[in-house]
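The structure appears right after this line, and notes come after that.
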Amino acid sequence: MSEANQYTADNIRVLKGLEGVRMRPAMYVQGGTGTDGYHQLLTEIIDNAIDEALAGYAETVEVTLMPDGSASVKDDGRGIPVEVMESEGRPAVEVIFTELHAGGKFDSDAYKVSGGLHGVGSSVVNALSTFLEAEVVKDGKLWKIRFDQGEVTFPTQVVGDAPKGSRGSRVTFQPDPSIFKDAASGFDYDRIRKRLRELAFLTGGVRIVLIDERGSEPRREEFLEKGGVAAYADALAGDGQKLYEAPLHLASTTRVALEDDAGEEEIEVEVGLMHTSGYGQTIVTYANMITNRDGGTHLTGFKSAYTRVLNAYAKKNNLIKKGDPAPTGEDFLEGIFGVISVKLGDPQFESQAKVKLLNPEAQSAVNSVVYEKFAEVLEENPKVGKTIVEKAAQAAKAREAARKARDLVRRANPLENDELPGKLADCSSGDPANSEIYIVEGDSAGGSAKQGRERRFQAILPLRGKILNVEKAQIGKILKNAEIRAMIAAIGAGLEGTGDDQHFNLDEVRYHRIIIMTDADVDGSHIRTLLLTFFYRYMRPLIDAGYLFIAQPPLYGIREGRKKDLLYIYDDAALKEYHKNHRGKNYEVQRFKGLGEMNPEQLWETTMNPETRVLRRVTIEDVLNASETFEMLMGNEVPPRRAFIENNADQAYLDI
Ligand code: TSJ
């Protein structure tokens, strides 16, 4: 082939590749063509800039959301290479944005710890964008290349001079709305903000700026977390009572053997810890900056080394009194806030959603780093070691005491016998698959629900007032709480996570739809959060099985003129829409503050009738997002908790 023919053939091959991406976008973008996939494009570009910073060449990464739906990502690094690549006969920057498998130097070891789509990523973004522009500043020159629908429309060239000493890359792109049809609302500021805040913690020292140019006033926020994962753990602990001053930071890069004699690999391990006087366990895990909500090998490696170090430390320093129960691994973890971050070459996950890390080498890496560094930290900070062990010893004693108490009251304990709670209005069907239970806030709404329900398959359990925050109470106290006992007894399948031999048995669940129904106000969302936390900690299989739901009562009732029937409106967006379409303003809007404001018929009609109601199935993500810890940390509002709940009460469980 002549050189010219070779070039043409190459171009055709490239276009075919990108055409394939446009034809089957969901095959190339995790998250598909909806809102998730749309944001994944931005994540991919951001990760490339973050990589440059992590490699030590850039200090700042800036993300700007534009009024035309485009986004721009800028760094002050070395600049995307623009020189013509010998192997390809084209500028590197063009290859990066057009070759599905950008090979060679871009797959190099130094450049592959990003959480993005790796290699294929940037070209996939290009293929799915109406336009993409890359600007590169290096050696005093500004370079530019532009693509429209993936095709080069402005070839790589110098377009001007750049200020002396300036350098970096900027990529601007606009996701193609004809591909992302379900992502009409564009980039979600809060979602991106949350990710950037997370990245600031995970990169420890990279300055990340978010600018929104879409509103009437531009908005700008800066994230910089020099303390890295330790600052992250500290922030997670929030205003909980901390057991020592400075969060612990364990970090090292270690070389571990791969399985099947596949050689060795360097793995970067970073752990941040803060212990509190609370009773919950919050450990968040990341592989290559992707969160893994089900943990995996890194978490396993952490727990075993952590327990080993503390056991050895307690023994060596005689910290457990003779006759006292020995703390278990779980006891040592009581009240902990932790962040585990690993960076490895070829992360393997259990599912597409990357919820669980599988690499065995990550387990040995975390294990060895934590074993060495945690032991060192305790040696250097004997007060910290003593405090952690004393807290665990306390936990072990409390666990023992709770077990003894439970043994004593076993007869009268609704956890172990079949007696149903008095306030439960059970349904008559005995078939769990066709039975549902409404857990209702307040006796009065409970009363309406009892009257309004379809008795055959709908059971009602009213709860009185606030429910216990299970994150802040010891198991013995949790098991004594009347509201919690009533729920356990009504659901009928026990509970787990109590640190002894009890288990939750999904097969024994008496209702396959468990529906949380709370008021649409601040207290209502707080109660809902507490209930979600309870189900997450003690009946998680219920959530995994998809049995847990949130009822969606209407927020407003609209009376039009003299019409007798109310028109129900379920969210603020719908109300806005209604206002827009009814400018005569001959109608009256009533806001339902509580379920109690509806009579039994209304409650049935709007919220309980399976033919017309909308239920929201609860996912693990919902629970994690709703947990107070994450709200306080990642939420947007300044007096964090209540304001956040208030602002997001109606959105907290929407899949956005
Ligand atoms: F995604 C992307 F490719 F479009 C992209 C890349 C987007 C953004 C916003 C930044 C980047 C990027 C890439 N910033 N910095 C770099 N650096 C390199 O690609 C680079 C530069 C120099 C050398 C070298 O060996 O001299 C190597 C690399 C990988």
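Here the structure is a predicted model, which means the values were calculated and not measured. Just follow the structure's listing: the first ligand is 1, and inside any ligand the first atom is 1.
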Check this for me - ligand 1, Glu52, N or O atoms closer than 3.5 angstrom, yes or no? yes

Taking both backbone and side-chain atoms of Ser122, is any N or O found less than 3.5 Å from an N or O belonging to ligand 1? no

Salt-bridged, [X] to [Y], with N to O below 4.0 Å?
X      : Y      : value
Asp76  : Arg167 : no
Arg220 : Glu222 : yes
Arg170 : Glu135 : yes
Arg214 : Asp212 : yes

For this output row, return yes or no: ring centroids of Tyr232 and Phe337 closer than 6.0 angstrom. no

Whether the Arg90 and Thr98 side chains hold a donor-acceptor pair (N or O, under 3.5 Å, no angle test) is what I'd like checked. yes

For Arg146, side chain to side chain contact (heavy atoms under 4.5 Å, CB included) partners two or more places apart: Phe131, Glu133, Asp148, Thr153, Phe154

Numbering as shown, the atoms of ligand 1 that approach Val73 to under 4.0 Å (heavy-atom distance): 9 (C)

If you count the atoms of ligand 1 from 1 in the order shown, which ones are under 4.0 Å from a heavy atom of Ser169? 10 (C), 12 (C), 14 (N), 15 (N)

For ligand 1, the portion of Tyr57 having any non-hydrogen atom under 4.0 Å away: neither

Under 4.0 Å from ligand 1, counting heavy atoms only, is it the side chain of Asp75, its backbone, both or neither? side chain

Option of least heavy-atom distance to [atom] (set: [options]):
atom                    : options                    : result
atom 13 (C) of ligand 1 : Asp76, Ile80, Thr172       : Ile80
atom 20 (C) of ligand 1 : Pro81, Ala49, Ala58, Ala55 : Pro81
atom 5 (C) of ligand 1  : Asn48, Val93, Val61        : Asn48

